[in-house]
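The structure appears right after this line, and notes come after that.
Worth knowing before you read on, the calculation uses all heavy atoms, side chains too, and leaves out hydrogens, waters and symmetry mates.
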Amino acid sequence: MKPSLRVTRDTLSPSLRRMAARVKDRRPILKTMGEYTVQHAKRAFNEPGLRPLSWPALHSGKPATLRKNSVLARSPRVVSVDDGKAVVGSDRKYSAIHQLGGKTAPRTIRPRKKKALAWPGGGPVAKVEHPGSKIPARPYFPFLPNGRPSPQFSRRLGEVARKRIDKLIGA
């Protein structure tokens, strides 16, 4: 999953747009914005107020944490930066389904170490045909389903960009 952050005319305030026009190389600004996005996403695992949408509970009714071993929570990173955009993402193959929601493919489950599968009230069986699971969206990157940044994040990102531009132009 690679949400990208592109600074365009419609995402910058007029004053910030004028300031950015004075900077020849926008990569340092975009890198700072990408790094802020990554830190925001990592904090969203522990701070529900930073999430663009609230996370639905698990089927058991317990709150969702997306933390089996914290690998997903540590995975957001700046993937690339060029003169027009900063791309942030995760190297976990399951990150997109947690961010956006979706359905997993049907699959056959077979035992790995034993000859049969068993569970309380069922089994033993040689295999189980799993129909797939519907995973609700539990976004941690600060983007809404339409791909736009959440309003709270957008305001703060503008402040971060303004501070970085101030440093670059010596204001």
Side-chain angles (χ1 to χ4, degrees), residues 1-7 11 29-81 85-114 116-164:
M1 174 187 166
K2 294 182 182 170
S4 69
L5 208 104
R6 185 183 304 267
V7 177
T11 59
I29 302 165
L30 291 164
K31 182 176 184 223
T32 299
M33 292 171 75
E35 289 167 350
Y36 178 74
T37 303
V38 165
Q39 290 309 309
H40 188 97
K42 288 179 177 182
R43 288 176 46 216
F45 281 88
N46 295 319
E47 299 176 42
L50 296 178
R51 299 172 188 161
L53 302 171
S54 61
W55 290 355
L58 301 174
H59 281 299
S60 65
K62 293 180 182 177
T65 62
L66 298 186
R67 284 182 176 274
K68 183 175 182 179
N69 54 19
S70 296
V71 173
L72 183 62
R74 291 190 312 264
S75 72
R77 65 196 77 233
V78 176
V79 176
S80 66
V81 177
K85 67 182 174 188
V87 177
V88 295
S90 168
D91 61 354
R92 304 288 92 195
K93 64 182 179 181
Y94 49 86
S95 66
I97 200 160
H98 285 299
Q99 178 74 23
L100 305 169
K103 185 164 175 30
T104 62
R107 62 195 178 278
T108 302
I109 301 173
R110 297 180 191 278
R112 290 184 185 171
K113 296 179 181 175
K114 304 282 182 172
L117 297 167
W119 58 92
V125 295
K127 67 179 182 176
V128 174
E129 297 298 327
H130 190 288
S133 301
K134 187 172 191 300
I135 309 292
R138 294 187 176 102
Y140 52 95
F141 281 103
F143 300 98
L144 299 169
N146 64 7
R148 308 251 336 141
S150 68
Q152 170 196 5
F153 172 74
S154 190
R155 283 189 298 279
R156 182 66 184 117
L157 189 63
E159 294 167 12
V160 167
R162 184 179 307 277
K163 286 180 184 176
R164 185 66 173 123

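Across all non-hydrogen atoms, the minimal contact from A116 to P124 is CB-CB, 3.7 Å. Closest of all the heavy-atom pairs between R138 and A64 is NE-CB, 3.2 Å. Residue P56 comes nearest to P136 through the heavy atom pair CG-CB, 3.7 Å, listed as atom of the first residue, atom of the second, then distance. In terms of heavy-atom proximity, L53 sits nearest to P139 at CB-CG, 4.0 Å. Residues Y140 and P76 share a closest heavy-atom pair of CE1-CG, 4.1 Å. The two atoms that bring P151 and L144 nearest to each other are CD-CD1, 4.3 Å, heavy atoms only.
Between F153 and F141, the distance from one ring center to the other does not fall under 6.0 angstrom.
The side chain to side chain donor-acceptor pair (under 3.5 Å) with E159 is formed by just one residue from the set R162, R156, R155; it is R156.
In this structure, the side chain of T108 does not engage the main chain of E129 through any donor-acceptor pair within 3.5 Å. Checked by atom type and distance alone, the side chain of R51 pairs as donor or acceptor with a backbone atom of F45 at under 3.5 Å. Q99 places no side-chain N or O within 3.5 Å of a backbone atom of A137 that could act as its donor or acceptor partner. Counting only distance, with no hydrogens or angles, the side chain of T37 and the backbone of M33 share a donor-acceptor pair below 3.5 Å.
Between atom CD1 of residue I135 and atom NZ of residue K103 there is a gap of 9.0 Å, rounded to the nearest 0.5 Å. For the atom pair N46 CG and R67 CZ, the distance stands at 4.5 Å (nearest 0.5 Å). Here Q152 contributes atom CD and L50 contributes atom CG; the two are 6.0 Å apart, rounded to the nearest 0.5 Å. If you take CZ on R148 and CZ on F143, they are separated by 10.5 Å, rounding to the nearest 0.5 Å. Interatomic distance, CZ of R164 versus NZ of K31, reported as 8.5 Å (0.5 Å rounding). Rounded to the nearest 0.5 angstrom, T32 OG1 and L157 CG are separated by 10.0 Å.
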Derivation and outcome, side chain to side chain contact (heavy atoms under 4.5 Å, CB included), residues V71 and R92: CA-CA 8 Å; V71 173; R92 304 288 92 195; 3.2 Å; yes

Derivation and outcome, side chain to side chain contact (heavy atoms under 4.5 Å, CB included), residues W119 and V125: CA-CA 10 Å; W119 58 92; V125 295; 3.8 Å; yes

V87 and V81: CA distance, side-chain angles, deciding distance, side chain to side chain contact (heavy atoms under 4.5 Å, CB included) verdict: CA-CA 6 Å; V87 177; V81 177; over 6 Å; no

Working for side chain to side chain contact (heavy atoms under 4.5 Å, CB included), residues V79 and V88: CA-CA 5 Å; V79 176; V88 295; 5.8 Å; no

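Atom NZ of K163 sits in a sparse spot, with 12 or fewer heavy atoms from other residues, nucleotides or ligands closer than 6.0 Å. Shown here is K42, whose NZ atom has more than 12 heavy atoms of other residues, nucleotides or ligands within 6.0 Å.
For the 3.5 Å distance criterion, the side chains of R74 and N69 fail to qualify, holding no donor opposite an acceptor.
Classification of the Y94-H98 ring pair by plane angle, with boundaries at 30° and 60°, yields perpendicular.
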